[in-house]
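One structure is given here, and the rest of the page talks about it.
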Amino acid sequence: MYSRNLQPDASNQELERVISRYGTDPHALVQILREVQALRGWLSPDTIRSVASALGLPPAYVEGVAGFYRFFHMRPVGAYRILFSDNVTDRMLGSEALMLDLCRRLGVAPGRLDSDANVSVDTTSCIGLCDQGPALLINHHHVVTRLDSARVARMAELIRARVPVSEWPAPWFEVEDHVRRADVLLGATSEPGAAISAALGRGPDALLDELKRSGLRGRGGAGFTTGLKWALCRQSQGEDRVVVCNADEGEPGTFKDRVLLKRHANDVFEGMTIAALAVGARQGFLYLRGEYRFMLEHLQSVLQQRRDAQLLGKAILGHADFSFDIEIHLGAGAYVCGEESALIESLEGKRGTPRIRPPFPVEHGYLGRPTVVNNVETFCAVCQIAVHGGDWWARIGTPKSTGTKIHSVSGDCERPGLYEYPFGTRIVRILEDCGARDTQAVQVGGPSGVCLPAFEFGRRIAFEDVPTAGAFMIFDRSRDMFEVARGFAHFFAHESCGFCTPCRVGTTLVARRMDKLASGQGSRYDIDVLFELDKLMHTTTHCGLGATACNALRDTILKFRPAYEQHLKSLYFEPGFDLDAELSIARRMTGRDDVGAHLEN
Ligand SMILES: Cc1cc2nc3c(=O)[nH]c(=O)nc-3n(C[C@H](O)[C@H](O)[C@H](O)COP(=O)(O)O)c2cc1C
Ligand code: SF4
């Protein structure tokens, strides 16, 4: 069952080497599982037992953690594990047909291993390459962008000839940055260390004041005031504070953090170091989504350059009392791990289940220590504020939403990519700049954000009007907004972590009800049920995933009602299956097929 790229006999010494690098720390479990799986291809019961025994954990616990993450395999897998990105924008670019074509050429059914146990082809949630899709992920390590029929045909040949992925055509793996409009963040050219020097010059208290004056609010979605978050962390009881950069970027349609990490990694790490200075932390983590594994070496090398330049490590810039270092942790395919408390659980080597809050991470975060979690873009903004001051930042944007915001623009437009604007910019301006035509709707902030029809394009991007974590997906008039919402419903059902019943059951009920409408069995009653489910989930779920899972649904029902009505069979109740057809077995058994044996009679 093993394939030739895998090393079934990777010795226990290799496993021990991986484990010893982490000092048998059970909190490194997720990282250890990733590395061991990279060596052995999958996590066999033997491997699970070996890891468990080395870390002093019960095997069932290790299995439970591994089972949480989509990128861990507890069954043998092929040498080529292909995952097509399945965001609506990939589908709009033809990803479904390309995947079926690849499956046909390889003689494998979607989601299954082929008869030689060499290749599997499946889908995965958005991999953050919507500006250059359709895209796919191979072996959780490489990404192929701009797929077309020619690439798929050649890929099938290479796989059949068992050519290692490292020998495939290099242009396939190119990831463009597509920076279309740069402002103070994407256009920044700061020297490494300049912002830390400015921050050290001010000192922690003045730095926090500066940050509060800037009015900076977090860019990861919730928009919490960064200065206040840091001040709370600094004030909280407990030593050994921690700074975490949230680079999970799982919201479909969002890819700005990918570009910031590639072009402005120094700014991200510098922002984290400034946070450490402000709150008094010595340890930092960058939590990188597993889909961005291809950037790991680049990020490690920037970290090393910074250590060499005394911008990380002990005695930063010669200040004997200021030491701070950063480790990179890789996620393993779970959208919910972008939620800060789930992310902390994952950092601690556990299943990514969101915690009960309060206490908030600023008081009780990583290993119970006060922890600041911020988004990649937030740390870049901090860097600029440290250099230019809070008043400078506050003059950009609107009074309640200061500074700029980076948008990941994708979908029906001529120039997808990154667009940075001051807060307060109107939707219509972004549509004009990216060459969108005949636009029917824009989904701002991803599936958990808001869906705007044309009459709302005069609205502004701002926390007080249209808030966003960064996704800007455009749909022209040829698109079926019901299908867009149905895709999002399946995304949430798939990504629900299953911890709380309203979300676990609710997201599945919503997805099934949308499928019922899609199959032509729907009635207005189903739409009423969808509204009820939205209300229920909004108020009863444990974390933001469940609470926002119906946002797109609610918006599209209210604003694109005809898209739903065309799927309605009647105004009243319709069952989700054909009752008369279900009776066919009984008819056969009784040998009856007369008029009276049919339901409508
Ligand atoms: C389901 C879910 C997923 C999230 N994903 C992300 C993410 O990928 N990146 C991010 O920065 N914040 C994400 N957040 C928000 C974080 O919980 C947190 O608010 C944020 O990282 C704080 O950073 P900020 O203050 O700089 O925005 C997510 C929240 C939820 C509920
Ligand atoms: S709301 Fe959903 S994702 Fe959040 S804890 Fe509950 S089941 Fe998990």
Side-chain angles (χ1 to χ4, degrees), residues 68 125-126 128 211 216-230 232-233 243-258 260-261 268 271-272 275 285-292 331 334-347 351-357 360-362 365 371-382 403 405-406 408 445-449 463 467-471 491-508 510 536-551:
F68 183 85
S125 299
C126 179
L211 207 55
L216 175 67
R217 295 171 67 171
R219 298 318 196 219
F224 195 82
T225 312
T226 309
L228 179 59
K229 185 187 278 188
W230 290 15
L232 289 170
C233 183
V243 172
V244 176
C245 177
N246 187 342
D248 196 54
E249 191 152 68
E251 191 73 33
T254 318
F255 47 88
K256 64 175 181 81
D257 294 344
R258 181 197 87 215
L260 285 172
L261 289 167
V268 179
M272 291 176 72
F285 295 99
L286 180 113
Y287 188 93
L288 184 67
R289 73 182 303 213
E291 290 80 348
Y292 290 169
Y335 164 67
V336 72
C337 286
E339 196 279 336
E340 59 186 6
S341 67
L343 184 152
I344 290 171
E345 289 282 297
S346 181
L347 274 180
R351 293 164 68 89
T353 305
R355 290 179 177 174
I356 293 168
R357 300 181 305 168
F360 291 95
V362 285
T371 303
V372 152
V373 182
N374 279 118
N375 174 256
V376 172
E377 188 181 346
T378 312
F379 284 120
C380 288
V382 161
K405 179 78 196 95
I406 304 175
S408 314
S448 64
F463 290 104
T468 178
F491 164 76
F492 285 112
H494 188 244
E495 295 293 342
S496 165
C497 82
F499 173 76
C500 66
T501 310
C503 171
R504 184 182 64 249
V505 178
T507 51
T508 301
V510 168
L536 186 94
M537 287 163 64
H538 204 71
T539 47
T540 54
T541 51
H542 174 64
C543 86
L545 187 150
T548 57
C550 291
N551 283 1

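The figures that follow rest on heavy atoms only: side chains count, while hydrogens, waters and symmetry mates do not. We number each residue from 1, following the sequence as shown. Atoms within a ligand are numbered from 1 in the order they appear, just like the ligands themselves.
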- Message: Taking 4.0 angstrom as the limit and counting only heavy atoms of G250, give me the atoms of ligand 1 inside it, by number and element.
- Response: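 Matching atoms, with element in brackets: 8 (O).
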Among protein heavy atoms, which lies nearest [atom], and at what distance?
| atom | result |
| --- | --- |
| atom 11 (O) of ligand 1 | N375 ND2, 2.8 Å |
| atom 2 (Fe) of ligand 2 | C503 SG, 2.3 Å |
| atom 8 (O) of ligand 1 | E249 N, 3.0 Å |
| atom 5 (S) of ligand 2 | H542 CD2, 3.5 Å |
| atom 22 (C) of ligand 1 | K229 NZ, 3.4 Å |
| atom 1 (C) of ligand 1 | L545 CB, 3.7 Å |
| atom 26 (O) of ligand 1 | T378 OG1, 2.7 Å |
| atom 4 (Fe) of ligand 2 | C543 SG, 2.4 Å |

Short N or O distance, [X] and ligand 1, threshold 3.5 Å exclusive:
| X | result |
| --- | --- |
| Y335 | no |
| D248 | no |
| E251 | no |

N/O/S of C500 less than 2.8 Å from atom 6 (Fe) of ligand 2?
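So C500 does bind atom 6 (Fe) of ligand 2 by this criterion.
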Whether [X] side chain and [Y] backbone form a donor-acceptor pair below 3.5 Å:
| X | Y | answer |
| --- | --- | --- |
| E377 | I406 | yes |
| E339 | A342 | yes |
| T378 | G218 | no |
| D248 | Y287 | no |
| T507 | C503 | yes |
| T508 | A493 | no |
| R219 | R217 | yes |
| K405 | P467 | no |
| E249 | K256 | yes |
| S408 | F255 | yes |

[X]: numbered ligand 2 atoms lying under 4.0 Å from its heavy atoms:
| X | answer |
| --- | --- |
| G546 | 1 (S) |
| V336 | 3 (S) |
| S496 | 2 (Fe), 7 (S) |
| T541 | 1 (S) |

task: Establish, for the pair R357 and F360, whether the NZ or CZ atom is under 6.0 angstrom from the six-membered ring centre and no further than 45 degrees off its axis.
output: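 No; the conditions do not both hold, so R357 does not lie above the ring face of F360.
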* **ligand 1 contact on N246 by region, counting heavy-atom pairs under 4.0 Å** =>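 N246 to ligand 1: contacts from backbone and side chain alike.
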Would you give the length of the straight line joining atom CD1 of I344 to atom CD of E340, rounded to the nearest 0.5 angstrom?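 I344 atom CD1 to E340 atom CD measures 6.5 Å (nearest 0.5 Å).
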Check your understanding: Considering G220, G338, G128, which one's heavy-atom position lies nearest to atom 16 (C) of ligand 1?
Key ->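 Nearest option to atom 16 (C) of ligand 1, by heavy atoms: G338.
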Option whose closest heavy atom lies nearest to atom 31 (C) of ligand 1, chosen from E495, E377, E339, E340: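 Closest candidate by heavy-atom distance is E339.
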query: Got a sec: is C497 within less than 2.8 Å of atom 2 (Fe) of ligand 2 via an N/O/S atom?
result: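 C497 does not place any N, O or S atom closer than 2.8 Å to atom 2 (Fe) of ligand 2.
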Contact with ligand 1 for R217, non-hydrogen, under 4.0 angstrom: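 Distance cut 4.0 Å: R217 fails for ligand 1.
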At under 4.0 Å between heavy atoms, what of P354 touches ligand 2? The answer is side chain
For W230 and N374 the tightest heavy-atom approach is NE1-OD1, 2.8 Å
- Query: Going by atom types alone, do Y335 and S125 pair a side-chain donor with an acceptor below 3.5 Å?
  - Reply: no
